[in-house]
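Residue numbers begin at 1 in each chain, while the letters A, B, ... track the order of the sequences. Quantities reported herein were computed from a predicted structural model and do not represent experimental measurements.
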Protein chains: 2
Amino acid sequence: MEDRAPASIKQFEERLIDVSESLPKRLRQCADYVAANKDRIAVSTVAEMAEGAGVQPSAFMRFCRILGFSGFSEMQRLFRESYAGGWPDYSTRLKHLREKAEGSASALLGEFVDAGRASLENLLKTIDPKTLDDAVEALAKAQMIHIIGLRRSFPVASYISYAFEKMNVPAMLHSGVGGLDNHNAIRTGDVLLAVTFSPYSAETVDMVEAVSARGIPVVALTDTIVSPLRKFETITLSVSEVDFGAFRSLSATLCLAIVLSVAVGTKRSE
Amino acid sequence: MEDRAPASIKQFEERLIDVSESLPKRLRQCADYVAANKDRIAVSTVAEMAEGAGVQPSAFMRFCRILGFSGFSEMQRLFRESYAGGWPDYSTRLKHLREKAEGSASALLGEFVDAGRASLENLLKTIDPKTLDDAVEALAKAQMIHIIGLRRSFPVASYISYAFEKMNVPAMLHSGVGGLDNHNAIRTGDVLLAVTFSPYSAETVDMVEAVSARGIPVVALTDTIVSPLRKFETITLSVSEVDFGAFRSLSATLCLAIVLSVAVGTKRSE
DNA sequence: TGAAATTTGGAATATATGTTCTATTTTGCT
DNA sequence: AGCAAAATAGAACATATATTCCAAATTTCA
């Protein structure tokens, strides 16, 4: 459609960036999906690529032509030919990375990726399905969900807050901006979702104590079972995250946070 | 022909060795060629493989059956699936899951854990070490690091902000609380770290545009290479993450965020 | 050496996959 | 709001590719 077809992956990428500024909806989806899944082009059919991008095969075809190819086959040929023999698998790649790049940013990346994967794997083993269901049910029944999580837990709390908003779940994030803590906003019929990790911030623990004394249900997202929240009557989901140095990779925690949000959101919309 | 088809590359190799002792001439050629060119199976046609081995397509077909497959296609599927790493396609799987709405909380958890692990693995493949180093260096040299990331990117921005604070790196989080945007706080010698994902929030893009026009370096953390930040001169780290409708599992993104924070922190303290 | 069994080549067929076409929907503009 | 242009979905069509079949060639063994 435009000039000639890209002759290398590099040219292909340039072309993709070039073109994707001004693309209608469906074609944009193609561009996004392709950008994120270049490696699949070599081994997939148009139908698979189209489904992945969430469009019709014909739309994907148009996309190929906009990129300068005569069709999908020609585009695929480029990727098949440049496929030199596969990357090393994950574990060898990781090993390689650490050895040759000791102390560099890339080596760090390897470590954290590894830690994250281990944490996620561990999450599956440690989460009790029953407790998870209980938490979802409690939150789904709430008139309003109050979320608190400060300092290192704040990213998690703010993420949950965003997710709830998107799913039309009434929720309020207690961020303590300006030193205002709106304890009184929490009313009978509401539920508190508290997120806290060692070292546990006092404000969060205080809030849980106060609220739980009033008989309001509390769902807690915390590390290990010895957290200070344990002494109150809470539904406790504990996540043990693999640390690297002093830094906590939040992979597992955020994963659980999404699950909780989505599960609550879908349950409420039923 | 024989018993059942190999279910993994490992099994495939064992089977190949097993069988190749007692093979007639043409089939032996197939075995030899395949052993030396396993990687081509994923991206070739029977005709191509047959030609490579110096036999007729039909001979190659027989060879596939002797290995236990129903035909070439089945054998190829094995290699295609193991090639593309992150199979099956999580975004479509999750889409189906939501459509069928049969996702119990635990099932959801499984899906998201898988998705997170795939995203992390993918991160290793897509991040360019050179770009990562450049980003670390730019940030390490900054007098002050300004962080912006709104809406869905806010958890990431706030996490980075927390990490920098803990490492005594001068940083300022532009959260837009109260509608105040402190553009003027950004001065020569500073660096902007912008986090944004589709749909890209206008405020972030605007800030990048304004700041980059003033010649201030910008490091961008974004998804795919086609994000709107691309048109400015930024050091772009792109992360492709599996998402669930409007929800992004931030595993890979946060992992990169930690790496960036820690690398910058240690570099500055040297 | 000759008959039976096995292996092979190549054409015929079935199937999967890519591509095109057009009615319908959406978008952009006055 | 109404019109023209662009974009899209889905089915129809064309092509590439896998698979099967069988006659011819080769091997095996008495």
[X]: what forms a salt bridge (Lys or Arg N to Asp or Glu O under 4.0 Å) with it, not counting sequence neighbours?
X	value
Lys38(B)	Glu13(B)
Asp190(B)	none
Glu121(A)	Arg117(B)

Item to check | Leading and trailing nucleotides of DNA chain D with any atom under 4.0 Å from heavy atoms of chain A | outcome: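 The footprint of chain A covers dA7(D) to dG10(D).
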Can you name the residues that form a side chain to side chain donor-acceptor pair (under 3.5 Å) with [X], not counting sequence neighbours?
X	answer
Thr204(B)	Ser201(B)
Ser58(A)	none
Lys25(B)	none
Ser70(B)	Glu74(B)

Spacing between [X] atom [atom1] and [N] atom [atom2], to the nearest angstrom:
X	N	atom1	atom2	result
Phe60(B)	dT8(C)	CZ	P	14 Å
Gln56(A)	dA23(C)	CD	P	17 Å
Phe63(B)	dT8(C)	CZ	P	13 Å

Next on the checklist: So, using side-chain contact (heavy atoms from CB on, under 4.5 Å) as the criterion, who are the partners of Ser153(B) when residues are at least two apart?
Outcome noted: Val195(B), Phe197(B)
Checklist entry - Residues two or more places apart in sequence or in another chain: which of them pass side-chain contact (heavy atoms from CB on, under 4.5 Å) with Pro129(A)? => result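 Pro129(A) satisfies side-chain contact (heavy atoms from CB on, under 4.5 Å) with Ser106(B) only.
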Next on the checklist: Is the ring pair Phe12(B)/Phe69(B) parallel, tilted or perpendicular, if the boundaries are 30 and 60 degrees?
Outcome noted: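 Judged by the thresholds at 30° and 60°, the geometry between Phe12(B) and Phe69(B) is tilted.
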Checklist entry - Hey, what bend do you get for the helix from dT1(C)-dA30(D) to dT30(C)-dA1(D) if you fit axes on five pairs at each end, rounded to 10°? => result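 Comparing the first five pairs with the last five, the axes sit 30° apart.
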Show me the protein contacts with nucleotides 16-19 of chain C, counting only N or O atoms at under 3.5 Å.
from, atom 1, to, atom 2, distance (Å)
dG18(C), OP1, Val46(A), N, 3.3
dG18(C), OP2, Val46(A), N, 2.8
dG18(C), O3', Ser73(A), OG, 2.8
dT19(C), OP1, Ser73(A), OG, 3.4
dT19(C), OP2, Phe72(A), N, 2.6
dT19(C), OP2, Ser73(A), N, 3.2

